[in-house]
Engineer: 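Can you keep this structure in mind? I'll have questions shortly.
Below, read A as the first sequence line, B as the second, and so on, with proteins coming before strands; counting in each chain starts at 1.
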Protein chains: 2
Amino acid sequence: MPIKDCHTEKLIIDTAMRVFFTEGRIYATTQDIADAAGVNRTLINYYFRSKKALFTTVINTAREEFRGNADSILSSDLPFREKTEKFIDDFMNNLIKYPYLESFITVDIIQHRLKKNAYPGFSEKSPAPIRQYLKVIENEMEAGRIPKSTPVHFMMNLFSLMIYPLIMKPIQMNLLDLNETEYNNVLNQRKQIILDTIFPVKSLK
Amino acid sequence: MPIKDCHTEKLIIDTAMRVFFTEGRIYATTQDIADAAGVNRTLINYYFRSKKALFTTVINTAREEFRGNADSILSSDLPFREKTEKFIDDFMNNLIKYPYLESFITVDIIQHRLKKNAYPGFSEKSPAPIRQYLKVIENEMEAGRIPKSTPVHFMMNLFSLMIYPLIMKPIQMNLLDLNETEYNNVLNQRKQIILDTIFPVKSLK
DNA sequence: ATAACGTTTGACAAAATTGTCAACAAAGAT
DNA sequence: ATCTTTGTTGACAATTTTGTCAAACGTTAT
């Protein structure tokens, strides 16, 4: 079989991403992943050497998968509101696929800090498209087209409103007394709600 | 030593809460916790029988610790804005102590779902003070004193804005290019920012 | 003093998880 | 057909983590 197959490798990666980032099973073992993929556990070691190596692979794969669109949207020369709208749309579609990705990255960072290692997944500076977008936010605030605070808070608000309802779905379902279907309906309304929140409509008494 | 000491038991609980909910070390072993507490690991089994039992104990302890204030604030007859202000203040003070508590509860729920068990930490309905507060939000929306959406989204926004910046601190620090001190300064401004976001000021052009 | 009790400890056993290896299978190249 | 390379498997070893137990300790009451 001299031609590289890599279909098993891809199967393992896809399964691991689903188990980790979609289902949020942070304690999943290599056996769990192998079972979910329907392959022999040894193959994980064959293709990735160790569980940790698989882990960094899937995190990087997922991050790259997300970067593409987001960067081109943020770097485009669309007007601020349209750009933000597109960004929310793209980002939330990704979130539905891998809601727990950020949670895993956070856990990963905490691990590295414990061993006093710098986190390999991070570059020194924040990504250029983000820095650029922050500048645009600043302009919009000065022009008075969005509430005056600081670009950093605007970004925090934006990410908070998008991500939190997805990663804490089980808790929120109980807190707000919603079943699965009801909660999913609410999630579908979020894009519009988020827009209305960060671009407040001025129709209050 | 016939008189119950319980100071070791309390030490273990406090340490476990710190390791789990403050430091976010989700992979911490019983040995890690024992080391952090400076006690023999066997004592964890002596006082709590198993790691899982310790886990449910600390989750319940932390939840009870948080409930008290929040419930009395939400059930008080303060005007809506003041009530919300107090709630944010109380909730965020708790969050600073145990930012990762909700993350752990979520992980716990996911575990239980995998075993097809109902989550023991949840009652059927959502807590009464929350249901009551949701009613008040509805009234405020109808009166036009806050932007019209639904109480559920208002709550989601509120929790999102409070919790997300704390649990994703490492990621946000990199994304926004802030060091520890700068990020903490930003966090200190959040209470006011959140108020301004959910009670929009109408000074836009 | 000693008996009783709760607490603490180290050594050990059990379980769970991960990693390694030699053997085997499959498929194209020679 | 045989060789070569890649992929796959099961058995095994190593490691990590958790749980158990008997013995020792310290304090108090008798």
Engineer: Strictly by modelled atom types, are B/Asn45 and B/Thr42 linked by a side-chain donor-acceptor pair under 3.5 Å?
Structural biologist: no
Engineer: Is A/Arg81 salt-bridged to A/Glu85, going by a charged N under 4.0 Å from an acidic O?
Structural biologist: yes
Engineer: What is the ring orientation for B/Phe80 with B/Phe154, classed by angle as parallel under 30°, tilted 30 to 60°, or perpendicular over 60°?
Structural biologist: tilted
Engineer: When the distance from CD1 of A/Ile44 to P of C/dT17 is rounded to whole Å, what number comes out?
Structural biologist: 13 Å
Engineer: For a quick check, with a 4.0 angstrom heavy-atom cut-off, what is the B/S/- contact string for nucleotides 10-24 of chain D, read 5' to 3'?
Structural biologist: B------SBBBB---
Engineer: Distance check needed: C/dA16 P versus A/Asp32 CG, whole Å only.
Structural biologist: 12 Å
Engineer: Examine the side chains of A/Gln111 and A/Tyr119 and answer whether a donor and an acceptor come within less than 3.5 Å of each other.
Structural biologist: no
Engineer: Which whole-number value in Å describes the distance from A/Ile12 CD1 to C/dT18 P?
Structural biologist: 14 Å
Engineer: Tell me the interatomic distance from A/His7, atom NE2, to D/dT6, atom P, rounded to whole angstroms.
Structural biologist: 17 Å
Engineer: Can you measure A/Tyr46 atom OH to C/dA22 atom P for me and round it to whole angstrom units?
Structural biologist: 15 Å
Engineer: Can a side-chain donor-acceptor contact be found between B/Ser75 and B/Tyr133 if the only test is distance below 3.5 angstrom?
Structural biologist: no
Engineer: I need the CG-P distance between A/Leu43 and C/dG19, as an integer number of Å.
Structural biologist: 14 Å
Engineer: Of B/Tyr27, B/Phe55, B/Tyr100, which meets ring pair (Phe, Tyr, Trp, His ring centres under 6.0 Å) against B/Phe20?
Structural biologist: B/Phe55
